[in-house]
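Presented below is the structure to which this report refers.
Quick note: residue numbers are just sequence positions, from 1.
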Amino acid sequence: VYSGMSKLQAGYAGLIEQGTLRDTLINQGIEDGRFLSQTNKQMNHRKNINHPFLFGEPKDPETGDHMGSAHPHLLVRASGKFALLDRMLMRLYKDGHQVLIFSQMTRVMNVME
């Protein structure tokens with residue numbers, strides 16, 4: 001099933017290609033940006049496609065909480081895959097199905113929690 005990229009993901013993809021994602025994340029106050037390796041673009045694209053918050057989660061300027069905690073709907077809308085999964089899960093649960101989710105990236109599962 002194809003899922004498109006969110007605007008945030010598309011922006012991050014451009015920054016990955018330019019090699020400026022780390023600097024942008026640090027300027028936005030995302031602490032985990034310091035640990036980003038820019039030598040492996042393919043891996044960074046894989047992370048971005050799964051969920052852009054894998055590079056670090058921005059904080060809400062009003063509360064100081066992470067965006068996923070302060071605004072859960074933004075956590076889902078930040079990723080095209082998560083938005084599609086959200087719609088699919090609503091339909092599956094409505095029809096009484098049980099769902100088991102696997103991922104090769106364990107950090108993606110942490111974002112889902």
Side-chain angles (χ1 to χ4, degrees):
V1 176
Y2 173 79
S3 66
M5 288 195 293
S6 69
K7 289 183 181 182
L8 179 62
Q9 287 175 306
Y12 276 18
L15 293 173
I16 291 168
E17 284 302 312
Q18 294 171 4
T20 58
L21 181 61
R22 180 189 314 156
D23 297 332
T24 303
L25 293 174
I26 292 170
N27 290 338
Q28 291 176 351
I30 298 175
E31 300 154 2
D32 291 344
R34 300 175 295 183
F35 307 112
L36 177 66
S37 170
Q38 297 189 140
T39 57
N40 192 344
K41 288 183 180 182
Q42 183 178 7
M43 190 61 190
N44 286 339
H45 280 299
R46 286 183 64 203
K47 283 178 164 180
N48 182 38
I49 292 302
N50 279 309
H51 201 287
F53 287 3
L54 292 176
F55 296 116
E57 189 173 353
K59 292 187 177 182
D60 184 10
E62 294 175 5
T63 63
D65 294 335
H66 289 286
M67 287 298 244
S69 302
H71 308 285
H73 65 283
L74 293 178
L75 182 73
V76 173
R77 299 295 168 226
S79 169
K81 283 186 178 184
F82 274 46
L84 177 64
L85 182 63
D86 186 51
R87 290 193 308 265
M88 289 174 69
L89 287 176
M90 280 193 257
R91 176 63 189 257
L92 290 169
Y93 285 140
K94 182 179 144 191
D95 293 343
H97 294 277
Q98 294 182 351
V99 177
L100 182 61
I101 299 174
F102 292 96
S103 176
Q104 289 181 331
M105 288 187 172
T106 56
R107 291 188 59 208
V108 172
M109 302 304 279
N110 294 340
V111 172
M112 281 187 193
E113 286 181 332

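- Hydrophobic clustering (side-chain heavy atoms under 4.5 Å, transitive across Ile, Leu, Val, Met, Phe, Trp, Tyr) keeps Y12 apart from I26.
- Residues passing the side chain to side chain donor-acceptor pair (under 3.5 Å) test with Q28: none are found, sequence neighbours excluded.
- Using a 4.5 Å cut-off on side-chain heavy atoms (C-beta onward), D32 and L25 make no contact.
- Using a 4.5 Å heavy-atom threshold, the side chains of I101 and M109 count as touching.
- Between the side chain of N44 and the backbone N or O of S37, at least one donor-acceptor pair lies under 3.5 Å.
- H45 meets the side chain to side chain donor-acceptor pair (under 3.5 Å) test with E17; sequence neighbours excluded.
- Legend: residues meeting salt bridge (charged side-chain N to carboxylate O under 4.0 Å, His left out) with R91, ordered by chain and number and at least two apart, are D95.
- In terms of the side chain to side chain contact (heavy atoms under 4.5 Å, CB included) criterion, residue partners of M43 (sequence neighbours excluded) are, by chain and number, N40, R46, M105.
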From CA spacing to verdict: side-chain contact (heavy atoms from CB on, under 4.5 Å), L8, R77: CA-CA 9 Å; L8 179 62; R77 299 295 168 226; over 6 Å; no
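- Residues forming a side chain to side chain donor-acceptor pair (under 3.5 Å) with T106 (at least two apart in sequence, or on another chain): none.
- By the rule that hydrophobic residues join a cluster once side-chain heavy atoms approach within less than 4.5 Å of another member, L85 and V99 end up as members of one cluster.
- Members clustered with Y2: none, using a 4.5 Å side-chain heavy-atom cutoff among hydrophobic residues.
- Between the side chain of H51 and the backbone N or O of F53, at least one donor-acceptor pair lies under 3.5 Å.
- Checked against side chain to side chain donor-acceptor pair (under 3.5 Å), K81 has the following partners two or more places apart in sequence or in another chain: N50.
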Chi angles and distances behind the side-chain contact (heavy atoms from CB on, under 4.5 Å) call for I16, F55: CA-CA 11 Å; I16 291 168; F55 296 116; 4.2 Å; yes
side-chain contact (heavy atoms from CB on, under 4.5 Å) evaluation trace for L54 with V108: CA-CA 7 Å; L54 292 176; V108 172; 3.8 Å; yes
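- Note: E57 CD to L75 CG = 6.0 Å, rounded to the nearest 0.5 Å.
- Residues meeting the side chain to side chain contact (heavy atoms under 4.5 Å, CB included) test with D60, sequence neighbours left out: E62, T63, M67, A70, H71.
- A donor-acceptor pair under 3.5 Å is formed between the side chain of Q9 and the backbone N or O of N48.
- With sequence neighbours left out, the side chain to side chain contact (heavy atoms under 4.5 Å, CB included) criterion links A10 to M5.
- Scanning both residues, A78 and P52, for their nearest heavy atoms gives O-CG, 3.3 Å.
- Considering only residues two or more places apart in sequence or on other chains, K59 meets the salt bridge (charged side-chain N to carboxylate O under 4.0 Å, His left out) condition with E31.
- With sequence neighbours excluded, the residues satisfying side chain to side chain contact (heavy atoms under 4.5 Å, CB included) with L84 are V1, S3, R87, M88.
- The ring-ring contact (aromatic ring centres under 6.0 Å, His included) contacts involving residues 92-113 comprise nothing, where partners must be two or more places apart or lie in separate chains.
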